[in-house]
Protein chains: 2
Amino acid sequence: MNACMNEGAIIEWLAIPAALPDAGARQVAEARQSQLTKPPGALGRLEAIAIRLAALQGTEQPCVDKVHITVFAGDHGVAAEGVSAFPQAVTAERVKNFARGGAAICTAARTLGAPLEVINLGTAHDTGPLERVKDCHLGPGTANFTLEPAMDVYQLGRALGVGRHAAERARLNGAQLFIGGEMGIGNTTAASALACALLDAPPEHLAGPGTGLDTHGVTHKIEVIRRALACHSTHHGTPLEALRRLGGFEIAALTGAYIACAHIGLPVLVDGFISSVAALAAVRLCPGSGEWLLFSHTSAEPGHRAVLEALDARPLLDLGLRLGEGSGAAVAVPLLRMACALHNEMATFAEAGVSAATGILPVAALARPCASEKSE
Amino acid sequence: MNACMNEGAIIEWLAIPAALPDAGARQVAEARQSQLTKPPGALGRLEAIAIRLAALQGTEQPCVDKVHITVFAGDHGVAAEGVSAFPQAVTAERVKNFARGGAAICTAARTLGAPLEVINLGTAHDTGPLERVKDCHLGPGTANFTLEPAMDVYQLGRALGVGRHAAERARLNGAQLFIGGEMGIGNTTAASALACALLDAPPEHLAGPGTGLDTHGVTHKIEVIRRALACHSTHHGTPLEALRRLGGFEIAALTGAYIACAHIGLPVLVDGFISSVAALAAVRLCPGSGEWLLFSHTSAEPGHRAVLEALDARPLLDLGLRLGEGSGAAVAVPLLRMACALHNEMATFAEAGVSAATGILPVAALARPCASEKSE
């Protein structure tokens, strides 16, 4: 499987600076928006999205028809602490459901006409060989980070590299937008712990029910994260070390993918809570990478809001989604496509004026506010 | 133009009771949702949407691939009071832009593969004959409702009937979802005045900048609405009379369309502020019709929230849209389609279990919360 070849502990590539959005294309797109046959601003955030995508893609007329989705799966040693409503075997079962095409992200990808790849970075239970799943096994899940670092340096480097290579494959395949998904029982605990370290926030501000803990379960989860933070408190000072000690294989892969997308100039649509924590790690590791990240939805997981705030991110949707797999990002893709279509295909005042050879005032003139009426 | 034949002042059809959603189909759809391979509730509001559409369409597997969009246009006599940032001639110009395919709703309809029809109920300025616009002229706009009723009984009946026939054409053409749009300079003033009457609310709670009034303009608009409400205060006690005195041709057409959709059992996706006020009138005129109305987005127009609250409506999107034309509803259609696709195409636990002949625990068993872990 070439997806996981050559990912060593070498992580110097993280230091490559992020590409810069195209300021010229942004200006041209802004000018185009102001000429479309509608009152200025009437399409709200869809206008800003089209302009931003134009700047990221370096074109007046952006397009996200070609979307690449990679789902990263991995297990978490911290699951041994009883932090999930589901047993660890579910990770492998859900990877098999990805392979069968039965999962939500499979349906969403089909609906979008988007290729979907699934990469198993290390499940605790063997899935057996699966036709549509790339096997990049780094171990039977991470170590229990209440006792030791989740990953060794080699695993971290490999996981970051798996993400990097997914982004590069997406670009090679002509993708105009990258979506990363994740699956791993226990990964809201890992993401919460990592966010606590990156934001210097207490676990009760970030931990939530995940896929279905009750109040008692959340209290226990907070206690587990508190122990983990205490265990690593003198070591998680750098974002990379925080990611290694408190993250997970799939979280590190997402971080690597987001940074690589920023390097190669490929816009990203970020999914929910776990993905946003990976995005936070990416932005801390590669400061300019945030420019390349669009945020799809606000998750039902309560800690998501704090992470989004730290990222100065304002997602498009708020539908109470909390599935992961990249599903929330996939659900939001049609909004980006609609923003592009409106930006690219609506008539400009000039176009409308030219074809309106009826002797009536040109539309462009009519679209300006009428001073005499405004002053009444 | 058969679109506007036979709409007389006869409005007895409004009293037909709304169709009832299919409780059995709802139950079957709920059962299906609980069997999909994801934690219960993880797809948030998309689950509820699929179940609701299943009940409305009377099927376990709902579908909104076929969408019918009708945009109703008309001018407003109250424009003479200087309540809009744009001159009245813009209504006719925008109707011509619909005919040319240059407007936002034209692009959105093409993107959705949805047929779009445009009906001119009466613009102040002549558009000339337009190939793709149905002409159902009821006059050069409504009367100035600060001085007299906006419509006479005949105009009201015709406008309601134009909407009814649009809904019936949609059904005949096999539509699975109806979207109504509107265009008319001054129609946020009419909609605000009508909402004030229906909700017994003061104009300052409902009037806003519309397509671009400044603070001074909004203050003036409030004063105009106050005058109109005073003029009709002893007469607008019934919803129908409020609609006739304070509404508009396109608002009445939307109301008629929504009521007819409820009669024939065709789900509706409501657009923004104007459309929601028409929906409020529909619900007051035909109490069960609210069951058939889904709400697409919260408009930037501040009064929209009060109207939505009165309708107990929770729209899907909040993107600062304020264009009208049905554009916000069109933007939300892919969310309904995604909800249906996920509901219809995701694997159930049984399907996953059957095909997972690997000797590992069946997925259905694994998907239940693990009691021993939860109790830790």
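Remember, it's a predicted structure, so these values are computed and weren't measured experimentally. Letters go in sequence order (proteins before strands), and every chain restarts at 1.
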Residue part contacting chain B, namely of [X], when any heavy atom lies under 4.5 Å:
X        : value
A/Leu335 : side chain
A/Leu317 : side chain
A/Thr211 : both

Closest heavy-atom pair and its distance - [X], [Y]:
X        : Y        : value
A/Leu323 : B/Pro39  : CD1-CD, 3.6 Å
B/Leu43  : A/Leu321 : O-CD2, 3.1 Å
A/Ala347 : B/Asn97  : CB-OD1, 3.9 Å
B/Thr111 : A/Ala341 : OG1-CB, 3.6 Å

Atom [atom1] in [X], atom [atom2] in [Y]: separation rounded to 0.5 Å?
X        : Y        : atom1 : atom2 : answer
B/Asn344 : A/Thr107 : CG    : OG1   : 9.0 Å
A/Asp318 : B/Asp318 : CG    : CG    : 9.0 Å
B/Arg94  : A/Thr37  : CZ    : OG1   : 8.0 Å

Test salt bridge (Lys or Arg N to Asp or Glu O under 4.0 Å) applied to A/Glu182 - qualifying residues, sequence neighbours left out = none
message = Less than 4.5 Å to any heavy atom of chain A: does that hold for the side chain of B/Leu316, its backbone, both, or neither?
response = both
request  = Check whether B/Arg314 gets within reach of chain A through its side chain, its backbone, both or neither, counting any heavy atom under 4.5 Å.
outcome  = neither
key: Pick from B/Gly128, B/Cys106, B/Ala300, B/Ala108 with the largest number of heavy-atom pairs that fall under 4.5 Å of chain A   = B/Ala108
Pick from B/Arg110, B/Met346, B/Arg322 with the largest number of heavy-atom pairs that fall under 4.5 Å of chain A = B/Arg322
